[in-house]
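Naming convention: chains lettered A, B, ... in sequence-line order (proteins, then strands); numbering from 1 in each chain.
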Amino acid sequence: MPKTKKTSKLRIIFMGTSALAEVILESLLKEKYNIVAVFTQPDKKAGRKKELKISPVKSLARKHKIPIFQPEKFDEDVISEIKKIKPDLIIVAAYGKILPKEVLETPGFGSLNVHASLLPKFRGPSPIQNALMAGEQETGTTLMLMNEGIDTGDIIARKKIKINPNDTFKTLSLELSKLSAKFLLENIPLWIEGKLKRKKQDETQATFCQLIERNDGRIFWNETAKNIYNKYRALYPWPGVFCFWENDGSLKRIKFQKISLQKDSSQDKRRAGEVFQLKNKIGIQTADNAVIADIIQLEGKKSLAAKEFINGHPDFIGSVLE
RNA sequence: CGCGGGGUGGAGCAGUCUGGCAGCUCGUGUGGCUCAUAACCACAAGGUCGGCGGUUCAAAUCCGUCCCCCGCAA
């Protein structure tokens, strides 16, 4: 569906923060949509020296000289500011803030949300990670008309894709970003022309997922190899998976930048978390099979291929991880 | 001023506290063994110990300063 003259005149407010939001904003700009304002999360202090971190959406908006708003809260002032902009449509993608009803109802064509899951499954933040962690075989992107709940609005369009068994968050989120952007562009004109029907979400199928935090990357070796691998896929490259290794009497954090699954033919009985040599690789025992540690990073050190890590830490083999 | 770890032949590490011959595993090269090998044996090459300054008869090691890398936290 080509963009009509009507859609290019639409006054659109875009709200988003993450990399997915960036891809979507970029494609809207590329198609010459009239983005009159961009809302994104306030800058946060980040990094080792508490430097101010600017969201990718913000720098993109800045580049295109679009007015940027970074409210902490949607109070009266912000709401009246939005009304003054007179938007015809609000598009929200991974923004990270809940919008009051008054804002949602300001634009004549409503407020659309792009969500990277097959709603009503995986409502809430981090839908991509949670789909991977759950070992889902398919996911997708959903366009919905926002209401006051979190991802509970009526669905106007949905598209599925398959999840590759070796997909990580990195590969899947990239794919979903592109898909979501393309899908949104296809459907905006249809929505404007009233060709899309609203469909209520099936509440009995709804699941809600939490925001991913660093500590979610903790590996528990009494889980199955498949679950551990799924966790790695979901959390690569951020925040990554880790556990602890007792070395020289101190407990050190150890991250796994890459792990893989491999059938372990040996019949030795091992404890969960025990490190052993499997041919020329490093295996770690789980509740059932072993996982292979391919790239390892000890706290304070750079990440290393398993073979190099062993050169400097031969006592790693035989130790039991926590 | 958020907390912490680190920089040592090509790679990964020990040595620093307590100053005194530059060490380990791996890689590389040469030779040997082998039907053969990511195997094994022997030998060898390869270092401004992150930079600068200070203390000392003597500094990888102690003091000062700067640069770079990383983990946590946010």
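- Nucleotide B:rC33 has no partner under the Watson-Crick or G-U criteria, as no pair reaches both atom distances under 3.5 Å.
- Of the possible polar contacts, none joining the A:T141 side chain to the A:S180 backbone as a donor-acceptor pair under 3.5 Å is found.
- Residue A:I282 contributes atom CD1, which lies 13 Å from atom C1' of B:rU25 at whole-angstrom precision.
- Across B:rU61 and B:rA45, the matching C1' atoms stand 28 Å from one another, rounded to whole Å.
- Remark: the separation of the C1' atoms in B:rG46 and B:rG27 is 12 Å, to the nearest Å.
- For A:R214, the listed nucleotide lying nearest its side chain is B:rA74; candidates were B:rG71, B:rA74, B:rC26.
- A salt bridge is defined here as a Lys NZ or Arg NE, NH1 or NH2 lying under 4.0 Å from an Asp or Glu carboxylate O, and A:K83 with A:E102 meets this definition.
- Taking atom CD of A:E299 as the reference point, atom C1' of B:rG71 lies 6 Å away to the nearest angstrom.
- Between B:rA11, B:rA73, B:rG6, one nucleotide has an atom nearer to the side chain of A:K301 than all others, and that is B:rG6.
- One interatomic measurement links the two molecules: CD1 of A:I317 to P of B:rC26, which rounds to 13 Å at whole-angstrom precision.
- There is a side-chain donor-acceptor pair under 3.5 Å between A:Q70 and A:D43.
- In this structure, A:W245 atom CH2 and B:rC72 atom P are separated by 17 Å, rounded to whole Å.
- The distance between atom CG of A:N311 and atom P of B:rU28, rounded to the nearest whole Å, is 12 Å.
- In this structure, the nucleotide among B:rC13, B:rC69, B:rC26 sitting nearest to the side chain of A:K302 is B:rC69.
- Here B:rG4 presents its C1' atom at 14 Å from CZ of A:F244, a figure rounded to the nearest Å.
- Using the six-membered ring where Trp is involved, A:F39 and A:F69 have ring planes that are parallel, under 30° apart on the 30 and 60° scheme.
- In this structure, A:F309 atom CZ and B:rA11 atom P are separated by 18 Å, rounded to whole Å.
- In this structure, B:rC3 forms a base pair with B:rG71, meeting either the Watson-Crick or the G-U wobble geometry with both donor-acceptor distances under 3.5 Å.
- Shown here, B:rA44 forms a base pair with B:rU28; the pair counts as Watson-Crick or G-U wobble because both key distances fall under 3.5 Å.
- Residue A:K45 is in base contact, counting any heavy-atom pair closer than 4.0 Å across all strands shown.
- Taking atom C1' on both B:rG54 and B:rA59, the two are 11 Å apart, rounded to the nearest angstrom.
- Comparing the C1' positions of B:rC72 and B:rG12 gives an interatomic distance of 23 Å, to the nearest angstrom.
- Looking only at atom types and distance, the side chain of A:Q257 has a donor-acceptor partner in the side chain of A:Q297 under 3.5 Å away.
- Pair assignment for B:rC49: none, as no Watson-Crick or G-U wobble contacts are both less than 3.5 Å.
- Residue A:L304 has its side chain nearest to B:rG12 when only B:rG71, B:rG6, B:rG12 are considered.
- The backbone N or O of A:F109 sits less than 3.5 Å from a side-chain atom of A:W191, completing a donor-acceptor pair.
- One atom, NZ of A:K255, and another, P of B:rG5, lie 18 Å apart when rounded to the nearest Å.
- Ranking B:rG71, B:rC13, B:rA11 by closeness to the A:Q297 side chain, first place goes to B:rG71.
- Look at B:rG23: its Watson-Crick or wobble partner, with both distances under 3.5 angstrom, is B:rC13.
- Rounded to whole Å, the separation between the C1' atoms of B:rU28 and B:rG47 comes to 16 Å.
- Note on A:K307: every side-chain N or O is 4.0 Å or more away from OP1 and OP2 of B:rA38.
- With P as the reference atom, B:rG15 and B:rG7 are 10 Å apart, rounded to whole Å.
- Using atom C1' as the reference point in both B:rA22 and B:rC13, the two lie 14 Å apart (nearest Å).
- Of the C1' atoms belonging to B:rU30 and B:rC69, the separation is 36 Å, rounded to the nearest Å.
- Counting non-hydrogen atoms under 4.0 angstrom, A:K44 reaches nothing in the nucleic acid.
- Among B:rA11, B:rA74, B:rC72, the nucleotide with an atom closest to any side-chain atom of A:R253 is B:rC72.
- Contact annotation: side chain of A:R48 to base of B:rG2, donor-acceptor pair absent below 3.5 Å.
- Of the candidates A:R158, A:K162, A:K160, A:K121, A:K160 is the only one forming a salt bridge (Lys or Arg N to Asp or Glu O under 4.0 Å) with A:E138.
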